[in-house]
Amino acid sequence: MSRLSFRPRPLDIHKKLPILKSFKDFEDDDTPTSTTRNSQLLRIASVEVDNENSNSIILTIVTYYQVAPVPTKKPASEIPTPQFVIVDTYERDYSPTFGQPASYLRARGARSELGEFVEYDLDNEDEDWLYEFYKNNEELSPEKLESIIFKLEVLDHKTRERAGVITPTLGSPVPVLLQFDAAVDVYFTFTVFHSLLDWPFILILETVQNISKIIAVSVLQALQSLSINYGTFQAIFNYWKDKRKRWQKPVLRRLQPPPPVNDTNPYNVFRPREKVHRLHTRRMQRRENNVQSFEKLRQTSVKFMKSRNLPLQCLLLIHGMQYYQVRRNLGQAQTILEALIKREEKKRDVMDSEHETELLEESLALPGFPPTTTSYKFGSSDDELMDSDDYTSTRVRTRPAVIPNSRFTNLNLNASQAGGIKQEVRRRQSHHGWLHRLDPNEPVMLFTKPLVPDKLAAAGIVPPAPDSSLGQTPSRFQGRIGRGGRIIFDRWNPLMQSHINCGDSYYIAPKQRSNNFS
Amino acid sequence: MGSSANTETAIVSASPASNHNNPGTNGGDAHTNHTPAAILDLVVSEPESSKKRRTGVLPLEVGTRVMCQWRDGKYHPVKVIERRKNYNGGHNDYEYYVHYTEFNRRLDEWIKLEQLDLDSVECALDEKVEDKVTSLKMTRHQKRKIDETHVEGHEELDAASLREHEEFTKVKNIATIELGKYEIETWYFSPFPPEYNDCVKLFFCEFCLSFMKRKEQLQRHMRKCDLKHPPGDEIYRSSTLSMFEVDGKKNKVYAQNLCYLAKLFLDHKTLYYDVDLFLFYILCECDDRGCHMVGYFSKEKHSEEAYNLACILTLPPYQRKGYGKFLIAFSYELSKKEGKVGTPERPLSDLGLVSYRGYWTRILLDILKKHKGNISIKELSDMTAIKAEDILSTLQSLELIQYRKGQHVICADPKVLDRHLKAAGRGGLDVDVSKMIWTPYKEQS
């Protein structure tokens, strides 16, 4: 028929299509294509109302799938029955100790961030080695071996990172850089630090100064507390180093570099994906808290440490303290850290990159910053042991309410304002009615500076004369220096007597209201 | 859709003589049904094998086609994909990795020599000679589509990438895994790190998904493992069912473990790129031992192609319980909350396509049944977060869009719709949107 000779227009997805509720609408219309599958279906349906023969319908559907105009796939030819059996040791291996809290569960930090968890699990060769080791009547629990290998891996990673030889991708073998002496030193210091965890904080702080004295004593203590002797440690170290030599890459999977992007071997997996190019605005260049700027910051701090010849132990202790932060009392640890930072701040003249510190303190002081941006502040990939989500989300706003140690109360007070002081000072300098920002509810604007009255005056900008007819106080104007040096004043709504863009601009302060309407 | 597959299965599994396939013509020819008589004919024409020849064929070459006893006790045609020497066997003592030509690759396995019917062996040389004979004989029957099952399930891939894919994944490396309560047979190759090359069974920690080679290692791990649920935020809870959102960047090792695990059950999943650009939504059944993963789907944090789902898997012990449908529905609920339309990443697997077609059919037809007045595809898309193309292809494949009197119409006869709905199957577990606590992902760097 003639109808077949033209092709239907392409369907416009925005066009409203009529919905025909009955097939009779089609049948009346003697179209050639009226013997569609659906009309057939309908016929079949009406013929066998008793649905005796439902198979034939299914068959019809199948045939239609095959001739459907759109390339649909045929139904899967076989949908396999899943094969599985119940593990009989399950109830022993998994303890029934889980209580679901009433609220939805929230993520903690990843294991690598929490640092407490021994991420390494012994593999077959470790177990075989341990078995041989037992033959010499040595005592070493698998858990201890696990823990030591794990720490050696982490320490080696840090050593390589400090030496700047972390390869972004796995192109060549990854050698061991950790020396045995350093391993002993660091490992036991680390262990000591664990035992320090129960000490009062003041002692830890003093330890920063006296670390070398303590080390001597504490290595001994550590050996005792670990019930592992020097020889055993050496044996483990050698075994681990040998294993690393065979593997040619870190044993801990988290530390293994990914394959290069251009590697086509399908056995190699989890390549880094090329980053989508993101627009570089001035704002981002200035102070984005991204990995790059963090890395810069970290290098600076390492440089700083080196320049002052701080002993490795001290560095370690600081790392440890960051670790501590996560582990125990966030607030108190924060106090120590901030005190430390304050101390460093005083000696900042030594540092060659002042900018970086500023970035650091400012980001500390700006409550408007999203919490996670601070997560990189002191942490570094060279201390995976610290920044956790808990830490980042709590540290910015929460100040420790009660500090048991009186000496620390002071410190805390100062420290908690360490970053804030600066701005406070700036504000005081600009204590000039109309420039002063009194409203505590005023939102903190990022990337702005307070107005400097001297400079304004120099530029010929003076405060407007108070409008006495309205009886306003002159302190209503709010302004700041925006990006690029623009001066921004908040608009004033004369009707509502409030700042237009200041949050709820329709809010009328009671005082103003009385001014207005009484 | 399971029963509707009858006709297809009939074609594929028509005869044990399917090993007469000509390996050269890959999927080009049309195929027809063999009548039982024809099958009989071919079976009879099988060349008689002598004992001399039987011993002569060992060891079997890769590529050999032979009959093999499957778990159903019956003999099925297989193709030898790979072989390996037994540890303490003689020089001819091999194990063989075979592909059952009737079935999907997920059923490929290592088999013992005893399972093979060596009488039915055809080596490559024989095949060439016989090909001429059989091709003559087969003129009546026409040639059948070659390697039907090889192509099945990945029509959406081109031949070259398919061959490459099969070459690297031809042998399943891990045969079984233990995951929590279940010991599960795997379906496909998964590119575990080379240290795991020598093992056929892996023990997964049910919660952090760390995998180990020995049971004792798992048991030691369980004593220290502090996780009882996926390491992310719980974003949905309805009675014992919970959904967790895990950021691939924050929990890299977990996400990688999950990918290794999932690959064992997904043929065309790629582990090529790292996990940090993805979010993982893990569905769990919770009890007093913890939250047990039943399945998951992954989703790109930022998809330029509007994908709202990258990979989806229901673990075998939990299959056919409606969890897959729940996961699909959930992915669209997320899209709705984002105010975007979404579509699953292609290619879809065989099981995936069936599930998606079912979901689209159910959702769209339910709306059409109730809707009064005209409606555009765009409106349907906005209501459901299903991409317009998917709506079109679904409605067109059901032939519900017709061209009448110069315009397109949607036909929505209740009886027809009900038939289609019935064929699409039930919807599985419902997603209760009021129990979702979720905000779309925001970049935080």
Side-chain angles (χ1 to χ4, degrees), chain A residues 8 11 13-23 36-38 41-42 45 58 61-62 68-70 72-80 82-87 90 93-94 96 98 100 104-107 110 117-118 121-122 124 142 253-254 258 266-267 269-273 290 370 372, chain B residues 1-2 4-5 7-9 12 103 168 178 181-185 191 212-213 217 219 221-222 228-229 231-234 250-251 253 256 271 273-274 277 286 288-290 316-317 319 350 353-354 374 376-378 388 393 396-397 399 403 408-413 415-416 419 423 437 444-445:
Chain A
L11 199 155
I13 61 164
H14 296 284
K15 197 182 170 197
K16 295 246 186 194
L17 308 178
I19 297 180
L20 305 183
K21 289 284 182 192
S22 168
F23 246 95
T36 60
R37 163 168 46 135
N38 290 318
L41 254 182
L42 204 67
I58 291 168
I61 294 168
V62 170
V70 176
T72 55
K73 207 148 47 127
K74 295 156 227 148
S77 56
E78 105 283 343
I79 296 175
Q83 300 284 319
F84 63 91
V85 292
I86 307 281
V87 176
Y90 174 72
D93 297 343
Y94 291 79
F98 176 66
Q100 204 171 19
Y104 285 18
L105 290 157
R106 302 295 295 174
F117 185 79
V118 176
D121 295 300
L122 294 188
N124 290 6
R253 237 180 58 223
R254 165 164 73 80
Y267 289 105
V269 290
F270 303 127
R271 283 163 190 73
R273 183 129 55 164
N290 55 15
T372 37
Chain B
M1 229 7 79
S4 64
T7 48
E8 274 303 299
T9 327
V12 178
F103 305 131
F168 282 111
E178 225 182 83
K181 198 176 178 180
Y182 299 106
E183 183 184 311
I184 311 166
E185 283 185 24
M212 283 140 272
K213 293 186 195 175
Q217 289 161 7
Q219 283 166 334
H221 174 87
M222 290 324 299
K228 291 284 183 192
H229 56 83
D233 291 338
E234 191 175 8
K250 286 188 189 154
N251 291 285
V253 176
Q256 290 184 345
L271 276 63
Y273 287 116
D274 208 351
L277 300 183
C286 306
D288 60 350
R289 288 179 205 275
Q319 282 174 5
D350 49 355
L353 189 81
V354 170
N374 298 355
S376 72
I377 302 294
K378 181 72 172 43
S393 81
Q396 282 175 341
S397 73
E399 293 197 348
Y403 197 60
H408 291 278
V409 296
I410 299 174
C411 81
D413 189 297
K415 283 181 193 160
V416 175
R419 287 281 165 187
I437 302 183
Q444 301 168 322
S445 70

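Chain letters run A, B, ... following the sequence lines, proteins first, then strands; residues in each count from 1.
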Apply side-chain contact (heavy atoms from CB on, under 4.5 Å) to A:Asp121 and B:Gln217, showing your working.
CA-CA 7 Å; A:Asp121 295 300; B:Gln217 289 161 7; 5.8 Å; no
May I ask you to name which of B:Asp274, B:Ile437, B:Ile184 has the most heavy-atom pairs under 4.5 Å with chain A?
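Between B:Asp274, B:Ile437, B:Ile184, the count favours B:Asp274.
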Would you give the length of the straight line joining atom [atom1] of [X] to atom [atom2] of [Y], rounded to the nearest 0.5 angstrom?
{"X": "A:Tyr90", "Y": "B:Met222", "atom1": "OH", "atom2": "CE", "value": "8.5 Å"}
{"X": "B:Arg289", "Y": "A:Tyr94", "atom1": "CZ", "atom2": "OH", "value": "11.0 Å"}
{"X": "A:Leu105", "Y": "B:His229", "atom1": "CG", "atom2": "NE2", "value": "4.5 Å"}
{"X": "B:Ile410", "Y": "A:Lys21", "atom1": "CD1", "atom2": "NZ", "value": "10.0 Å"}
{"X": "A:Asp93", "Y": "B:Gln219", "atom1": "CG", "atom2": "CD", "value": "4.5 Å"}

Considering non-hydrogen atoms only, spot the tightest contact between [X] and [Y] and give its length.
{"X": "A:Gln100", "Y": "B:Cys286", "result": "NE2-SG, 3.6 Å"}
{"X": "B:Pro231", "Y": "A:Ala107", "result": "O-CB, 3.9 Å"}
{"X": "A:Ile13", "Y": "B:Ser376", "result": "O-CB, 3.4 Å"}

Flag the pair [X] / [Y] as yes when at least one side-chain heavy-atom distance between them is below 4.5 Å, and no otherwise.
{"X": "A:Lys15", "Y": "B:Asn374", "answer": "no"}
{"X": "A:Leu17", "Y": "B:His408", "answer": "yes"}
{"X": "B:Asp233", "Y": "A:Arg106", "answer": "yes"}
{"X": "B:Val409", "Y": "A:Pro18", "answer": "yes"}

For the residue pair A:Phe84 and B:Tyr182, does the interplanar ring angle fall in the parallel (under 30°), tilted (30 to 60°) or perpendicular (over 60°) class?
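The rings of A:Phe84 and B:Tyr182 stand perpendicular, inter-plane angle above 60°.
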Heavy-atom distances under 4.5 Å only: say whether B:His221 touches chain A with side chain, backbone, both or neither.
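Both parts, backbone and side chain.
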